[in-house]
Asks: 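Submitted below is the structure of interest, expressed as structure tokens.
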Amino acid sequence: MMKINATFPELPKFEEYTEEIRSIFETGTLTNNGPKVQKLTSLLKERTGCDNLDVFVNGHLALVLGINSLDLPKGGEVLTSPFTFVSTTNAIIQCGLKPVFCDIDDTYNISIESIERNATKDTCAIITPHIFGIPCHVKEIQEIADSHKLKIIYDGAQAFGTQIEGIDIARFGDMTMFSLHAIKVFNSIEGGVLCYKDKRLKRKLVENRNFGLAIEDKENSEYIGINGKMDEFRASMGIVNISHVDKVIKKRKILADKYIECLKNIDGIKTFEYEDGVSYNYAYFPIRIDKHVFGKTRDEIKDILEKQGVGTRRLYGRLTCDMDSIKKHGYKCVVDKARKVSRECLDLPIYSSMSTDDVMYIAKIISKNQSHNL
Ligand SMILES: Cc1ncc(COP(=O)(O)O)c(C=O)c1O
């Protein structure tokens, strides 16, 4: 039986990494904004076109520090999508803000109509993911934010490498976070990146990343900061991996195209409709299964694939607004479409060490199990 993991990290050659970390052993600089972190930061600036960019120990912490740096009013309402990894919602709440859960549309992202419906005088920001690396409706969101004077923070954890009309996704909104977690398109084992418009935030972010200690006087602190520093070993993984990221995305696109070709004629299976003008990063391959047409539920097809050696993920099988830790606060939440999508969505494996034969194997299992094909 074939064995295809749900995910697998994009790893460089072993020797490439060991060569990159050699100098760490020579200099003894393991952390504290060393040369590897500085090099990764400048490579990221170059790639994204963002001058105001810093790296952090992980994406969640970067998001929390980023939101905090904007000094949004405590208790202010934040429009967000519940169809996300719980980190997005946790970060909003941890920063003393109130999530207002908006609905999503066929892009899996926050819907414009829902933003318009939920924006009130208490709204201070839109903090929402580019889920699966698929961009939000950035132009419309900017227009709404401008008219209501709202900050926009994109949780771009999954979106590294995505571009809209040739512009890096990092350059939309007031701030974008990328996660460099192990299974992202581009990883530094663990890691996070913040890209932001207002260069005056730099001092606060960099000091808060280092316990709040003042840049010029490490005996004094300006903020009650935390330890959000990336170390030199992780930065080295980032340096090596960034040189491969375009190749990785290209390979993922080949796999995605193959999935689309193999799945397009299966009634009840819907693949994402990629738009012209967007360069996607193919971080995930979500499909939606309409049980009335396909004849089986998402969970049934997940089990069938599992039994044939194929791992898949139910992202996001539970909306964050329905998680116990969040639900108990009774935040505003009208998310009918998101609930439907969360019952129908299955993420098929996609990573560069897979082959198109793997994709065909997976698609064949799905096709064979459609009710009218039995
Ligand atoms: C949408 C989303 N937000 C936030 C995070 C948190 O990032 P990290 O794992 O780097 O802390 C992740 C991923 O892990 C994510 O997928």
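For ligands, and for the atoms within them, numbers begin at 1 and follow the listed sequence.
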Asks: What is the ring orientation for Phe186 with Phe160, classed by angle as parallel under 30°, tilted 30 to 60°, or perpendicular over 60°?
Replies: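 The arrangement is tilted - the two ring planes meet at 30° to 60°.
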
Asks: Give the ring-plane orientation class for Tyr282 versus Tyr274, where under 30° counts as parallel, over 60° as perpendicular and anything between as tilted.
Replies: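 Taking Tyr274 first and then Tyr282, their aromatic rings sit tilted (interplane angle of 30° to 60°).
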
Asks: Under 3.5 Å, is there a donor-acceptor pair linking the side chains of Lys229 and Asn32?
Replies: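 Their side chains do contain a donor-acceptor pair, which is all the 3.5 Å distance test asks for.
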
Asks: Under 4.0 Å between a side-chain nitrogen and a carboxylate oxygen: does that hold for Asp257 and Lys253?
Replies: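 Salt bridge flag = yes for Lys253 with Asp257.
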
Asks: Classify the ring geometry of Tyr108 against Phe272: parallel below 30°, tilted from 30° to 60°, perpendicular beyond 60°.
Replies: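 Judged by the thresholds at 30° and 60°, the geometry between Tyr108 and Phe272 is tilted.
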
Asks: May I ask you to say whether Glu26 pairs ionically with Arg22, meaning some side-chain N is under 4.0 Å from a carboxylate O?
Replies: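 Looking at Arg22 together with Glu26, the answer is no, because their closest N to O distance does not fall below 4.0 Å.
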
Asks: For ligand 1, would you mind listing the residues that have at least one heavy atom less than 4.0 Å away, ordered by chain and number?
Replies: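 Those residues closer than 4.0 Å to ligand 1 by some heavy atom are Asn58, Gly59, His60, Thr84, Phe85, Ser87, Thr88, Asp155, Ala157, Gln158, Met177, Ser179, His181, Lys184, Gly191.
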
